[in-house]
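Here is the structure we will look at.
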Amino acid sequence: MKTTVIHHSADFDGIFCREIARKFLPEAELIGWDHGDPKIPFPAEGTVYILDLSPDCLGGDTYDSSRIIWIDHHKSSIEKWPSSIPGYRIDGVAACRLAWQWFANVGGPVNRAEGQHGYHLPDMEAFRNRQVEEPVAVMLAGEYDIWDKRDERAETFQFGLRSQELSEADWFILLTGDGPSEHFVERLLAQGGMLQRYQQRNDANVVNFRSFLQPFDGLTFLALNTARCNSLSFAAKDVPETGHDALMGFYWTGKSWKVSLYHARHRTDLDLSKIAVKFGGGGHRGACGFECKGALPFCL
């Protein structure tokens with residue numbers, strides 16, 4: 001019977017999910033999706049995996065939730081959708097790390113706590129303390145996605161991943177978790193380090209001359225109007241003395257405004273996802289966003 005895998009297509013957490021699914025479900029149909037794309041019709045048969053996304057990606061009014069395996073980590077989605085949907089979801093652990101545990105150790109547990117063969121899926125603390133078995137590439141990609149900066153290689157690894165188009169053979173090596181995988185990771189880290197140093201200098205120049213403070217929904221944001229932006233773009237001014245509570249990047253896509261919100265280093269206590277949900281979006285506490293077709297809400 002046909003198996004369908006729907007994965008987030010816009011970042012490496014979702015792309016790692018895709019490749020993990022390809023490794024363990026080689027016959028599955030892989031469908032990439034990003035927020036704003038047309039909804040995907042619910043497949044007529046077979047199991048439907050939703051990875052690093054919520055069931056919001058599905059079109060239509062009805063679907064058989066018993067055929068869905070939902071693996072995700074976005075706070076707003078976990079709170080919105082029923083916990084009864086089969087799968088594995090932990091706010092604070094990247095989807096690629098959850099997907100690896102699911103496919104490598106269970107393959108299809110009946111609920112999010114215990115596998116069919118008595119295998120207990122790791123909890124938040126096991127991931128946080130790195131007490132799980134996984135390829136180092138999966139760990140680095142996952143910890144970067146949730147802004148876990150304990151291992152400085154995580155950010156450098158992202159630059160390495162962006163430095164080249166990875167082939168199917170490259171992905172096979174990265175996901176083996178043995179010596180060749182570790183050597184490949186080291187090579188990507190070396191390439192990424194050069195790109196990272198360039199990007200840091202460029203970001204510092206942009207944020208120093210183009211950023212501004214913007215009041216929005218009771219907070220003060222350090223803001224940039226740019227299409228190429230993440231929390232690291234603000235590093236040169238992301239200090240308490242700047243006077244901001246959080247970070248914001250926004251740009252016009254040609255059809256709508258896309259707004260991204262991020263934790264400031266000194267204000268990780270804020271739940272920015274509440275603002276994103278309020279304006280029709282969602283995401284994590286410290287990394288989330290929304291789109292609007294009319295005027296920007298902080299310009300009204």
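All heavy atoms count here, side chains included; hydrogens, waters and symmetry mates do not.
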Exercise. Listed by chain and number, what are the ring pair (Phe, Tyr, Trp, His ring centres under 6.0 Å) partners of F24, not counting sequence neighbours?
Worked result: W100
Exercise. Centre of F159's six-membered ring, under 6.0 Å away, within 45 degrees of the axis: is that where NZ or CZ of R162 sits?
Worked result: yes
Problem set entry | Pair D34-H8, side-chain donor/acceptor within less than 3.5 Å | yes
For this session: Establish, from distance only, whether the side-chain atoms of Q101 and E134 form a donor-acceptor pair under 3.5 Å.
Result: no
For this session: Walk me through it: do S54 and W70 pass the test side-chain hydrogen bond (donor to acceptor under 3.5 Å, both in side chains)?
Result: CA-CA 7 Å; S54 79; W70 175 29; 5.8 Å; no
For this session: Compute the centroid of each ring, for H263 and then for H284, and state whether the two points are separated by less than 6.0 Å.
Result: no
For this session: Examine F279 together with F216 and report whether their ring centres are nearer than 6.0 Å.
Result: yes
Exercise. Between H73 and D13, do the side chains contain an N or O donor and an N or O acceptor separated by less than 3.5 Å?
Worked result: yes
Exercise. Cut-off 3.5 Å, side chains only: do S167 and D170 have a donor facing an acceptor?
Worked result: yes
Problem set entry | Sidechain N-carboxylate O distance under 4.0 Å for D217, K274 | no
For this session: In plain terms, say whether K23 and E19 are close enough for a salt bridge, that is, a side-chain N and a carboxylate O under 4.0 Å apart.
Result: no
Exercise. Centres of the F221 and Y262 rings: under 6.0 Å?
Worked result: no
For this session: Flag the pair N105 / L121 as yes when at least one side-chain heavy-atom distance between them is below 4.5 Å, and no otherwise.
Result: no
Could you go through residues 244-251 and list every donor-acceptor pair under 3.5 Å that involves a side-chain atom there, pairing it with any protein atom two or more places apart or in another chain?
residue, atom, partner, partner atom, Å
H244, NE2, D238, OD1, 2.8
D245, OD1, R267, NH1, 3.2
D245, OD2, T220, N, 2.8

